[in-house]
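Notes for the one structure printed next.
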Amino acid sequence: MLTKRPAVPPESEEIKLNATVMSDQQLTAADRCDRCGAQAYLRVTLESGGELLFCAHHARKHSDKLRQVALRIHDETDKLS
């Protein structure tokens, strides 16, 4: 006799769900800039669902391009002043 196993969502759906949950959270000291490894103060959510983290320096340096490709920008650079 065969028993039915519960349906498990494909990994891509699980990752997408986790990315969505992470997007709503505040940045912490553990979040690091994808360019240099300094503390991140800016999270950019892309249309593909991916995220990029930037320190204030790299956020300013790449701000024009980031605005073009971002679905959402979570900016916490005000914590620096």
List, by chain and then residue number, the residues other than Ile73 in its hydrophobic cluster (Ile/Leu/Val/Met/Phe/Trp/Tyr, side-chain heavy atoms under 4.5 Å); write none if there are no others.
Leu42, Val44, Leu46, Leu52, Phe54, Leu66, Val69
Kindly compute the distance separating NE2 (His58) from CG (Leu53), expressed to the nearest 0.5 Å.
13.5 Å
Within 6.0 angstrom of Arg35 CZ, more than 12 heavy atoms from elsewhere:
no
Residues sharing Tyr41's hydrophobic cluster, by side-chain heavy-atom contacts under 4.5 Å among ILVMFWY, directly or via others?
Leu80
Could you state the interatomic distance from CG (Asp34) to SG (Cys55), rounded to the nearest 0.5 Å?
10.0 Å
Should the heavy atoms of other residues, nucleotides or ligands under 6.0 Å from NZ of Lys79 be counted, would the total exceed 12?
yes
To the closest 0.5 Å, what do you measure between CZ (Arg67) and NE2 (His62)?
13.0 Å
Checking Thr77 now: which residues fulfil side chain to side chain donor-acceptor pair (under 3.5 Å) with it, not counting sequence neighbours?
Asp75
When rounded to the nearest 0.5 angstrom, what distance separates CD in Glu47 from CZ in Arg72?
12.0 Å
Take Leu27 and His74 through the test side-chain contact (heavy atoms from CB on, under 4.5 Å) and record every step on the way to the result.
CA-CA 9 Å; Leu27 294 166; His74 178 85; 4.2 Å; yes
Calculate, to the nearest 0.5 Å, the distance between atoms SG and NE2 belonging to Cys33 and His57 respectively.
8.5 Å
Is the backbone N or O of Ala40 less than 3.5 Å from a side-chain atom of Arg43, with the two atoms forming a donor-acceptor pair by type?
no
Distance check, rounded to the nearest 0.5 Å: Arg32 atom CZ versus Gln39 atom CD?
6.0 Å
